[in-house]
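Have a look at the structure below, then the notes.
Note that the structure is predicted; figures quoted are calculated from it, not measured.
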Amino acid sequence: MERYAGALEEVADGARQQERHYQLLSALQSLVKELPSSFQQRLSYTTLSDLALALLDGTVFEIVQGLLEIQHLTEKSLYNQRLRLQNEHRGARGQRDEVPPPRGRRLPAALGICANRLLPECWEKVPKINKIKGAETETAPFW
């Protein structure tokens, strides 16, 4: 008896699946009617039927859901990275702007900051060069 009940359920499931297939197929056909005739000719009945069958299978939706999750995680990661970089740049800019150089010395001071970051070995030699030239004050190098 259980064997017959299982067979009846399979028949009912098959009928529901076939009905759903026809619903999807008719929906696809109505969408195709809205396309230009050059595209309508390329989409045959069998192509639409195969597409409807693919939509009946949950695999397509699972793949799309997985891709959406990956996209959300990537966007969240990139957003957090952007915030972190903005905060780092604000902090660096804040440290640099705390003590503005005197009005006439902005360019040499800016060059000194660049030299300090990019050429540390040269920056160590600046006091020696200033002593040789007889400079009384230690200023940022002007190169």
Side-chain angles (χ1 to χ4, degrees), residues 1-130 132-133 135 137-143:
M1 188 72 175
E2 291 177 19
R3 199 170 65 186
Y4 294 117
L8 287 176
E9 286 179 17
E10 288 179 18
V11 169
D13 285 342
R16 274 188 248 127
Q17 189 172 5
Q18 188 174 10
E19 183 181 331
R20 182 72 179 136
H21 176 259
Y22 286 134
Q23 289 174 350
L24 288 172
L25 183 60
S26 64
L28 287 171
Q29 286 174 335
S30 65
L31 288 174
V32 168
K33 287 179 183 176
E34 297 174 8
L35 294 173
S37 62
S38 62
F39 293 114
Q40 288 180 12
Q41 293 171 356
R42 295 181 185 174
L43 296 170
S44 67
Y45 180 83
T46 55
T47 303
L48 294 176
S49 178
D50 290 343
L51 182 58
L53 286 174
L55 290 173
L56 280 176
D57 186 14
T59 307
V60 173
F61 296 108
E62 290 175 12
I63 291 171
V64 170
Q65 187 63 36
L67 290 173
L68 279 173
E69 290 175 10
I70 290 170
Q71 179 183 2
H72 289 275
L73 290 173
T74 303
E75 287 176 356
K76 185 177 180 179
S77 172
L78 289 172
Y79 178 75
N80 288 334
Q81 182 181 3
R82 177 177 168 249
L83 289 178
R84 183 176 42 79
L85 287 171
Q86 282 179 335
N87 288 335
E88 287 177 11
H89 288 292
R90 283 187 189 130
R93 185 174 52 203
Q95 290 173 357
R96 189 176 63 230
D97 293 340
E98 284 177 4
V99 181
R103 205 162 168 89
R105 300 224 176 203
R106 288 187 181 165
L107 181 61
L111 291 174
I113 290 171
C114 291
N116 192 16
R117 290 183 184 162
L118 300 174
L119 305 168
E121 63 276 355
C122 293
W123 185 249
E124 294 170 357
K125 297 177 184 177
V126 168
K128 295 176 185 175
I129 295 171
N130 284 340
I132 293 171
K133 289 184 177 180
T137 60
E138 292 187 18
T139 58
F142 189 44
W143 66 87

**Asked** Any idea which heavy atoms bring Leu48 and Val32 closest together, and the distance?
**Response**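 Residues Leu48 and Val32, closest heavy atoms: CD2-CG2, 3.8 Å.
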**Minimum heavy-atom distance Ala52-Leu25, with the two atoms named** =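 Of all heavy-atom pairs spanning Ala52 and Leu25, the closest is CB-N, 4.0 Å.
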**Asked** Of all residues at least two apart in sequence or in a different chain, which pass the side chain to side chain donor-acceptor pair (under 3.5 Å) check with Gln40?
**Response**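 Result, side chain to side chain donor-acceptor pair (under 3.5 Å) vs Gln40: none returned.
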**Request:** Apply side-chain contact (heavy atoms from CB on, under 4.5 Å) to Thr59 and list each qualifying residue two or more places apart in sequence or on a separate chain.
**Result:**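 side-chain contact (heavy atoms from CB on, under 4.5 Å) check on Thr59 returns Asp57, Ile63.
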**Prompt:** Who pairs with Leu68 by side-chain contact (heavy atoms from CB on, under 4.5 Å), at least two apart in sequence or on another chain?
**Reply:**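 side-chain contact (heavy atoms from CB on, under 4.5 Å) check on Leu68 returns Val64, Gln65, Gln71, His72.
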**Asked** Which residue pairs pass the salt bridge (Lys or Arg N to Asp or Glu O under 4.0 Å) test with at least one member in residues 21-35, sequence neighbours excluded?
**Response**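 Counting only pairs at least two positions apart or across chains, no salt bridge (Lys or Arg N to Asp or Glu O under 4.0 Å) contact touches residues 21-35.
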**Message:** Applying salt bridge (Lys or Arg N to Asp or Glu O under 4.0 Å) as the test, list every pair that has at least one member in residues 75-88; sequence neighbours left out.
**Reply:**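 Listed once each, the pairs are Arg84-Glu88.
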**Request:** If a pair satisfies side-chain hydrogen bond (donor to acceptor under 3.5 Å, both in side chains) and one of its residues is in residues 45-54, list it, with sequence neighbours excluded.
**Result:**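 Output for this query lists His21-Ser49, Ser44-Thr46, Ser44-Thr47.
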Point-to-point distance, once rounded to the nearest 0.5 Å, from [atom1] of [X] to [atom2] of [Y]:
{"X": "Leu24", "Y": "Glu19", "atom1": "CG", "atom2": "CD", "answer": "11.0 Å"}
{"X": "Arg16", "Y": "Leu56", "atom1": "CZ", "atom2": "CG", "answer": "13.0 Å"}
{"X": "Leu55", "Y": "Leu28", "atom1": "CG", "atom2": "CG", "answer": "6.0 Å"}

**Ser77 side chain to Leu73 backbone, donor-acceptor under 3.5 Å** =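 Between the backbone of Leu73 and the side chain of Ser77 there is no qualifying donor-acceptor contact (under 3.5 Å).
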**Asked** What's the verdict on side-chain contact (heavy atoms from CB on, under 4.5 Å) for Leu43 and Leu51, showing C-alpha distance, side-chain angles and the deciding distance?
**Response** CA-CA 10 Å; Leu43 296 170; Leu51 182 58; over 6 Å; no
